[in-house]
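When reading the values below, keep in mind they use all heavy atoms of this one structure, side chains included, and skip hydrogens, waters and symmetry mates. FYI, the numbering just counts along the sequence from 1. The structure displayed is predicted, hence computed values, not measured ones.
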Amino acid sequence: MPDRNQPALDFLLTRRSYPAKMMTGPGPDEAALTEILTAALRVPDHGKLEPWRLVVLEDAALNRIAAEIEARGPAAGVDPDKIAKSAGTYRGSPLAVMVVSAPVPSDKIPEIEQVQSAAALCLGLVNAATAAGWGANWLSGWFSHDRTFATEVLGIGTGETVAGLIHIGTPGPAAPDRPRPDLSKIVSRVSE
């Protein structure tokens, strides 16, 4: 039997995201954020292509994004309540890390595996921040998939997409845990 890392397994069996609206400041300082980013970057990356990049959003940048969400929403036909909710998330966030999926041309590594690596990096950030004692939540939202907004406001280049925006801050009171999947309904076995 392999060596068991029970503390790590216990963490994974109980980990949860903190609602962004329940986080407060401060967010992690430079040393804490460097540790979180370093841990999160230990992600599957077939071919060692590093098909992603990270953008740390703080203070004025978060407020600017909130204002741009409010400006772009009506033109994009987004419901006013959805606009207000999205803008409020950014105005209230202590810090967010944007994970940008940036696939690299490769004859060996399919683009989908590179995109999945960016998604794994998002989860790695949530787990690393949570393990370090912070509240963390992986969000995206309509505006991150709106090409005009992504290009003009978030600086997303040609061939890139937003994999996620990971909000990190001081955890507030924990919300009730959500129901978890029933393994008997989603797991099948193939033995021959």
Side-chain angles (χ1 to χ4, degrees), residues 1-58 62 85-86 88-90 92-101 109-110 112-141 144-145 161-192:
M1 183 167 187
D3 288 337
R4 190 174 178 88
N5 184 337
Q6 193 61 49
L9 187 57
D10 289 342
F11 169 77
L12 292 171
L13 287 169
T14 59
R15 72 140 304 273
R16 56 191 287 177
S17 298
Y18 280 88
K21 65 185 176 189
M22 296 178 78
M23 284 184 254
T24 62
D29 63 18
E30 193 62 33
L33 184 59
T34 297
E35 179 182 50
I36 291 165
L37 296 177
T38 301
L41 286 168
R42 296 185 66 90
V43 64
D45 174 16
H46 302 126
K48 297 177 245 163
L49 299 176
E50 299 179 9
W52 19 252
R53 62 187 179 88
L54 304 173
V55 180
V56 178
L57 304 167
E58 302 173 286
L62 293 164
K85 182 178 178 182
S86 295
T89 297
Y90 285 81
S93 182
L95 178 137
V97 178
M98 180 170 58
V99 177
V100 179
S101 175
I109 311 303
I112 187 64
E113 288 186 16
Q114 297 182 51
V115 171
Q116 291 167 339
S117 180
L121 178 51
C122 291
L123 181 58
L125 277 166
V126 171
N127 283 342
T130 304
W134 299 96
N137 198 301
W138 175 0
L139 300 173
S140 54
S144 67
H145 305 294
T161 55
V162 176
L165 291 126
I166 314 307
H167 293 263
I168 305 171
T170 301
D177 198 10
R178 66 176 173 81
R180 299 300 170 165
D182 179 348
L183 292 178
S184 68
K185 293 181 179 178
I186 59 170
V187 176
S188 59
R189 298 192 190 280
V190 177
S191 56
E192 19 180 289

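- Closest of all the heavy-atom pairs between Ser184 and Asp182 is OG-OD1, 2.6 Å.
- Side-chain contact between Leu54 and Val99 is present, with at least one heavy-atom pair separated by less than 4.5 Å.
- Within the model, atoms CG of Leu165 and CG of Leu62 stand 9.5 Å from one another, a figure rounded to the nearest 0.5 Å.
- Between the Trp138 side chain and the Ala163 main chain, a donor and an acceptor come within less than 3.5 Å of each other.
- Residues in residues 31-48 take part in no salt bridge (charged side-chain N to carboxylate O under 4.0 Å, His left out) pair, two or more places apart or across chains.
- Residues forming a salt bridge (charged side-chain N to carboxylate O under 4.0 Å, His left out) with Arg180 (at least two apart in sequence, or on another chain): Asp177.
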Just list the side-chain donor-acceptor pairs under 3.5 Å for residues 121-137, sequence neighbours left out, or say none.
residue: Asn127; atom: OD1; partner: Arg15; partner atom: NE; Å: 2.8
residue: Thr130; atom: OG1; partner: Val126; partner atom: O; Å: 2.7
residue: Asn137; atom: ND2; partner: Tyr18; partner atom: O; Å: 2.7

Cut-off 3.5 Å, no hydrogens considered: what does the side-chain donor-acceptor table look like for residues 20-34, sequence neighbours left out?
residue: Asp29; atom: OD1; partner: Ala31; partner atom: N; Å: 3.2
residue: Asp29; atom: OD1; partner: Ala32; partner atom: N; Å: 2.9
residue: Thr34; atom: OG1; partner: Glu30; partner atom: O; Å: 2.8

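- In this structure, CD1 in Ile36 is found 8.5 Å from CG in Leu95, a value given to the nearest 0.5 Å.
- Closest heavy-atom contact between Arg4 and Leu9: NH2-CD2, 3.2 Å.
- Within the structure, the ring pair (Phe, Tyr, Trp, His ring centres under 6.0 Å) test picks out the following pairs touching residues 162-181 (sequence neighbours left out): Tyr90-His167.
- Applying the side chain to side chain contact (heavy atoms under 4.5 Å, CB included) rule to Ile186 yields the partners Pro181; only residues at least two apart in sequence or on another chain are considered.
- In terms of heavy atoms, Ile109 sits closest to His46 at CG1-O, 3.5 Å.
- Annotation for Ser117 and Trp52: closest pair OG-NE1, 2.8 Å, computed over non-hydrogen atoms.
- Among all heavy-atom pairs drawn from Gly141 and Ser144, the shortest one is O-OG, 2.9 Å.
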